[in-house]
Amino acid sequence: MNIDNYISELLFSVAQSLYGSDVTLQHIQIQKTRKEFEGDFTLVTFPLVKLARKSPEATANEIGEKLLETCNQIGGYNVIKGFLNISLKAEFWKGCFDNIVATENYGQAESTGKTIMVEYSSPNTNKPLHLGHIRNNLLGYSVSQILAASGHKVIKANLVNDRGIHICKSMVAWQRYGNGATPESTGIKGDHLVGDYYVEFDKHYKAEIAELVAGGMSEDEAKKSAQILLEAQDMLRKWEAKDEDVRALWEMMNGWVYDGFDVTYKTLGVDFDKVYYESQTYLLGKSIVAEGLEKGIFFRKEDGSVWIDLTADGLDQKLLLRGDGTSVYMTQDLGTALQRFEQNNLDGITYVVGNEQNYHFQVLKLVLKKLGYEWSDDIYHLSYGMVELPEGKMKSREGTVVDADDLVEKMVATAREMSAELGKLDGCTDEEADKICSMIGLGALKYFILKVDPKKTMLFDPRESIDFNGNTGPFIQYTHARICSVLRKAEEQGVVYSENIANPTLLPEEIEIIKTLCDYPQTVKAAAEAFAPSMIAAYTYELCKLFNGYYHDHSILREQCETTKRMRLQLAAQVARIIRTAMLLLGIEVPQRM
């Protein structure tokens, strides 16, 4: 049951009985009662005063009295300056709690019948995944989980940038300096090996530029004339001409990278339903450009390049096809958007891409709109800020990035060190300790990143993220493990708490926990609408704080009244279930022991 809707409809019915059929649902404005006031829901009476022909306070009192008279779920009310604060009886909240217990997939919405594609990751095959990619992957996966929980069919997609000059740079450097090195011969993970040669290319490219400048050439001319760059450009031309040797080298080195990526994706716990490759899609969109020219939406310049003029829309002129007929990113994205909507019968597509591409996606939507594709309104760019470290920004070419694999390894090692210091691994086997430390390390990383609003640039501090107190993944994981420990002990004592518990006496703190559990489905819905995993993180943290305060003040297993004990165990079990369910939406596992 949606409690907000129930209260709105109840108040609507009461208001109509008092003031007639002119009352509409728009007159009923409710909100959660603020914590400093007594009550569960608050009705703003000002929209009703004209119909009531009374002051706001008198209107509120009249509605409050009618509620008490007609609804046995209402425990009381109070009025503060025209705001009617309504309190619901403990029996009402117990009924809501019974519904939660009885609902197997609590928080999972019914199917909307809509299909949404979420594109994320989109790595280049010239380097391993780094910290920035981690934020992208975790956001994309979590948003996919949240959209699925809100009733949509979700297709998780990855567009791999597997062609272009940056790929050829790694290939040229490997040919020059690799001496036939392979992941097997070096023991280096494939994506790391190829990334090493991308850094190697940059090192030699800079050295050649310096040598040319020392010989009297201008820096700009030297950058264009360096022999190693000319080789990479020539290799790209050969690739586009489908030169057999170049294509064979490209396929071999890309294969190494894909094997490496797969390991990282598996470690991070992210996956994809469809993988697209730029080498197969970069020519898409040319027919759309031709269509735009034919309709007069695009125009051709003297050099043969094709553009669209968006100055009337407050933007600028945008290149859609180069003079030599080759595609740009916009050409490809126009084509892939059309292909995906048509092939998958999509109702929407969400691109998880950094905020440096805000303008690109603004143009993409506008161009598609001008071409007459109404579904362009269903394109959403989930723009996110960069991840920075205490020591500053990262640079791939210079090899100063925080590698994803290294970071995960460091997180797990830090989790082991801190868990051991706090005695969290006492009594665990080596196998259990390994599993718990992996869970804590990855949980800390994921939660620290996902609790931040995606649009914000964030500063990542690994050690701060693995704190067992405060707004962290390990704090939530420990709360879950603590509840599991209580439930295990109850089972060992033979206490049965799974069946319906009649007429328990509920404490105000227990009602607060039940209210928070009732908020979970609406939180999932709101997070889906806002594409905001941070809302799930905030909800879960508040639930854990609430339960920990309750657990500190009230005994569960030592409670003398059997009915009360069973009710508290059942409440704890449902808190654990929602923690588990909510954290899975963030891609985070929670341990049974810790």
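What you see below is based on every heavy atom in this structure, not just the backbone, and it leaves out hydrogens, waters and symmetry mates. What you see is a predicted model; the values in this text were computed from it and never measured.
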Atom pairs and distances, donor-acceptor, side-chain atoms in residues 581-594, under 3.5 Å, two or more places apart:
{"residue": "Thr581", "atom": "OG1", "partner": "Arg577", "partner atom": "O", "Å": "2.8"}

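- No side-chain donor-acceptor contact under 3.5 Å links Lys94 to the backbone of Lys89.
- Side chains of Ser534 and Asp453: no donor on one and acceptor on the other come within 3.5 Å.
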When the side chains of residues 549-560 are checked against the rest of the protein, which donor-acceptor pairs come out under 3.5 Å, sequence neighbours left out?
{"residue": "Tyr550", "atom": "OH", "partner": "Glu510", "partner atom": "OE2", "Å": "2.6"}
{"residue": "Tyr550", "atom": "OH", "partner": "Arg568", "partner atom": "NE", "Å": "3.3"}
{"residue": "His554", "atom": "NE2", "partner": "Glu509", "partner atom": "OE2", "Å": "2.9"}
{"residue": "Ser555", "atom": "OG", "partner": "Arg558", "partner atom": "N", "Å": "3.1"}
{"residue": "Glu559", "atom": "OE1", "partner": "Arg568", "partner atom": "NH1", "Å": "3.3"}
{"residue": "Glu559", "atom": "OE2", "partner": "Cys561", "partner atom": "N", "Å": "3.0"}
{"residue": "Gln560", "atom": "NE2", "partner": "Arg558", "partner atom": "O", "Å": "3.2"}

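- For the pair Ser13 (side chain) and Glu9 (backbone), a donor-acceptor distance under 3.5 Å is absent.
- Screening residues 33-44 for salt bridge (charged side-chain N to carboxylate O under 4.0 Å, His left out), with sequence neighbours left out, gives Arg34-Glu36, Asp40-Lys515.
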Quick one, Lys266 with Asp262, criterion salt bridge (Lys or Arg N to Asp or Glu O under 4.0 Å). Give me CA distance, side-chain angles, the key distance, then yes/no. CA-CA 6 Å; Lys266 186 176 180 181; Asp262 286 346; over 6 Å; no
Apply side chain to side chain contact (heavy atoms under 4.5 Å, CB included) to residues Phe361 and Tyr380 and explain how you reach the verdict. CA-CA 8 Å; Phe361 284 100; Tyr380 179 74; over 6 Å; no
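- The residues Glu69 and Lys66 are annotated as salt-bridged, a charged nitrogen and a carboxylate oxygen being separated by less than 4.0 angstrom.
- Between the CD atom of Glu542 and the CG atom of Leu546 there is a distance of 8.0 Å, given to the nearest 0.5 Å.
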What pairs of donor and acceptor atoms, side-chain ones from residues 423-440 against any protein atom, are under 3.5 angstrom apart with sequence neighbours left out?
{"residue": "Thr429", "atom": "OG1", "partner": "Glu432", "partner atom": "N", "Å": "3.1"}
{"residue": "Glu432", "atom": "OE1", "partner": "Thr429", "partner atom": "N", "Å": "3.0"}
{"residue": "Asp434", "atom": "OD1", "partner": "Arg416", "partner atom": "NH2", "Å": "2.5"}

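- In this structure, Thr540 contributes its side chain and Ile536 its backbone to a donor-acceptor pair below 3.5 Å.
- Contact of the Thr516 side chain with the Tyr539 side chain is registered, since non-hydrogen atoms from C-beta on lie closer than 4.5 Å.
- The backbone N or O of Thr42 lies less than 3.5 Å from no partner atom in the side chain of Asn85, so there is not a single donor-acceptor pair.
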Anything under 3.5 Å between a donor and an acceptor, one on a side chain of residues 523-532, the other on a protein residue two or more places apart or in another chain? List them.
{"residue": "Thr523", "atom": "OG1", "partner": "Asp519", "partner atom": "O", "Å": "2.8"}
{"residue": "Lys525", "atom": "NZ", "partner": "Glu529", "partner atom": "OE2", "Å": "2.9"}

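- Counting only N and O atoms by type, the side chains of Thr267 and Asp405 include no donor and acceptor under 3.5 Å apart.
- Within the 4.5 Å cutoff, the side chain of Glu491 has heavy atoms near those of the Tyr497 side chain.
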Would you mind writing out the side-chain donor-acceptor pairs for residues 112-122 within the sub-3.5 Å range, not counting sequence neighbours?
{"residue": "Thr112", "atom": "OG1", "partner": "Lys114", "partner atom": "N", "Å": "3.2"}
{"residue": "Thr112", "atom": "OG1", "partner": "Gly151", "partner atom": "O", "Å": "3.3"}
{"residue": "Thr112", "atom": "OG1", "partner": "His152", "partner atom": "ND1", "Å": "2.7"}
{"residue": "Glu119", "atom": "OE1", "partner": "Arg340", "partner atom": "NH1", "Å": "2.2"}
{"residue": "Glu119", "atom": "OE1", "partner": "Arg340", "partner atom": "NH2", "Å": "3.0"}
{"residue": "Glu119", "atom": "OE2", "partner": "Ser122", "partner atom": "OG", "Å": "3.4"}
{"residue": "Tyr120", "atom": "OH", "partner": "Asp271", "partner atom": "O", "Å": "2.5"}
{"residue": "Ser121", "atom": "OG", "partner": "Asn137", "partner atom": "OD1", "Å": "3.1"}
{"residue": "Ser121", "atom": "OG", "partner": "Asn137", "partner atom": "ND2", "Å": "3.4"}
{"residue": "Ser121", "atom": "OG", "partner": "Tyr265", "partner atom": "OH", "Å": "2.6"}

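- Formation of a donor-acceptor pair under 3.5 Å by the Thr45 side chain with backbone atoms of Leu48 is not found in this model.
- With respect to Glu562 and Lys565, a salt bridge is recorded, a charged nitrogen being found less than 4.0 Å from a carboxylate O.
- The aromatic rings of Tyr520 and Tyr106 are tilted relative to each other, their planes meeting at an angle between 30° and 60°.
- Side-chain contact between Phe97 and Gln570: present, with at least one pair of heavy atoms (C-beta onward) separated by less than 4.5 Å.
- In this structure, the ring of Phe475 has its center less than 6.0 angstrom from the ring center of Tyr541.
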